Amino acid sequence: MISYKEILKTEQKKYINQWKNNAQYYYNKGYYDWMHSHISKFKVILEVGCGNGLSTLTLLKNGHQVIVIDENIECLKQTKALLKNNNYDAKIIKREGTFKEDSKGYEYNYLKIKNSIEKNQILLIQGDVLDDNNLEAWLSNINIDCVLCWLIGTHGARNLNKRISERNMQTATDYRLVVETNACNMCNKILKPGAYLHLVDRGQNPNTQEDTNFYLQQYNQQISLTSLELEEIDFKSFEPYVNDGMTLIGNVDNKIVNNTQDAAFISALFRKL
Ligand SMILES: C[S@@+](CC[C@H](N)C(=O)[O-])C[C@H]1O[C@@H](n2cnc3c(N)ncnc32)[C@H](O)[C@@H]1O
């Protein structure tokens, strides 16, 4: 019988090998530059989810210090390689603890992070913002100016993790919303007052003031139990990359948008009070 560990590895690789095509397309179209334009004034950035590293590269080329957290070790490896090709030396921090599996799925725990961070060091940390107690403790001791969570998505074996499947997320859009809400809660705990969280998701252009109000309402609801404040919201029309079945355009209210002409990136910037 194939072990869950093997399935996880296969799915993690499959995911990043598909996503890198989307990311390259977004990079070539300048969409990462648009995302970056909202956070250019911040120095130390924590990036949640690096994909194959093109977003990370955009940040480094613009002079930021970057710490990355990613659940998918294959994403961290591809990011390290891409950065190396661009003359940036990054260090992967592997935190694989015990891996137990039975017929219902697997359980996993992440080890404590022992590293301290040196000036301008690029750390790529294995970790999961949905299920990682040791991560928040470590992050609380670091002066982060802005946390980024851009274009969250995940691989096909995510639901085999028992602590993920018990949350009962049915769609890719559910998953993104849960990760983003968790990022809000995590930032509420780890950020110093005056620091920021930047979310970028895929959705739909607002055609009326009512549509815009809808987005504002959704974001304000997402941060309602935190000391974060929504400072700015912005939209950018984009042409989805449709060749590999990973367009994943969803709306904030969980509706799948079929009309790709209306597709927009949504940028939301929150300040910790
Ligand atoms: C679609 S990629 C986007 C990557 C990058 N932000 C970009 O814009 O190119 C989503 C990334 O989020 C990571 N991710 C998804 N869920 C996560 C979680 N719970 N904790 C940490 N990383 C996560 C995935 O492994 C993947 O690298």
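Fair warning: this is a prediction, and the values are worked out from it, not measured in the lab. As the structure lists them, so they are numbered: ligands from 1, and atoms in each ligand from 1.
Using a cutoff of 4.0 Å between basic side-chain nitrogens and carboxylate oxygens, Lys84 and Asp89 are not scored as salt-bridged. A salt bridge links Arg158 with Glu71; the closest basic N to acidic carboxylate O contact falls under 4.0 Å. Between Lys189 and Glu136, at least one side-chain nitrogen of the basic residue sits less than 4.0 Å from a carboxylate oxygen of the acidic one, meeting the salt-bridge criterion.
Connection of Ile7 to Ile16 is not established within any shared hydrophobic cluster, with ILVMFWY side chains joined at heavy-atom distances below 4.5 Å, either directly or through further cluster members.
Cation-pi geometry between Lys5 and Phe99 is met: under 6.0 angstrom from the ring centre, within 45 degrees of the axis.
With 3.5 Å as the limit, one finds no donor-acceptor pair spanning the side chains of Gln18 and Asn22. Inspection of the Gln170 and Tyr175 side chains reveals no N or O donor paired with an N or O acceptor under 3.5 Å.
Here the straight-line distance linking atom CG of Asn188 with atom CG of Leu197 works out to 10.5 Å at 0.5 Å rounding.
Near Arg158, meaning under 4.0 Å from any of its heavy atoms, are these atoms of ligand 1: 19 (N). Shown in contact with Cys50 at under 4.0 Å from a heavy atom are these atoms of ligand 1, numbered in order with element: 4 (C), 5 (C), 27 (O). The ligand atoms of ligand 1 that sit less than 4.0 angstrom from a heavy atom of Trp150 are 3 (C), 5 (C), 6 (N), 8 (O). The Gly127 neighbourhood of ligand 1 comprises atoms 20 (N), 21 (C), with distances under 4.0 Å to a heavy atom of that residue. Using a 4.0 Å cut-off to heavy atoms of Cys75, the atoms of ligand 1 that qualify are 25 (O), 27 (O).
The single protein non-hydrogen atom nearest to atom 21 (C) of ligand 1 is Glu71 N, 3.5 Å, given as residue, atom name and distance. The protein heavy atom nearest to atom 4 (C) of ligand 1 is Gly51 N, 3.3 Å. For atom 14 (N) of ligand 1, the closest heavy atom belonging to the protein is Gly153 O, 3.9 Å. Looking only at heavy atoms of the protein, atom 19 (N) of ligand 1 is closest to Asp128 OD1, 2.8 Å.
Residue Gly49 has at least one nitrogen or oxygen atom sitting less than 3.5 Å from a nitrogen or oxygen atom of ligand 1, judged on distance alone. In terms of N/O distances under 3.5 Å, ligand 1 is approached by Val129. Looking at ligand 1, you won't find any N or O of Arg202 less than 3.5 Å from one of its N or O atoms.
Ligand 1 lies nowhere less than 4.0 angstrom from a heavy atom belonging to Gln12. Proximity of Leu54 to ligand 1 is not established, as no heavy-atom distance is less than 4.0 Å. Ligand 1 lies out of reach of Ala23, whose nearest heavy atom is not under 4.0 Å from it.
With ring centers used as reference points, Phe235 lies under 6.0 Å from Tyr215.
At least one donor-acceptor pair closer than 3.5 Å links the side chain of Arg95 to the backbone N or O of Leu111. No donor-acceptor pair under 3.5 Å is formed between the side chain of Arg176 and the backbone N or O of Thr154.
The residue among Asn72, Leu151, Asp70 with a heavy atom at the shortest distance from atom 26 (C) of ligand 1 is Asp70. Nearest to atom 7 (C) of ligand 1 by heavy-atom distance, out of Tyr32, Tyr175, Phe265, Tyr15, is Tyr32.
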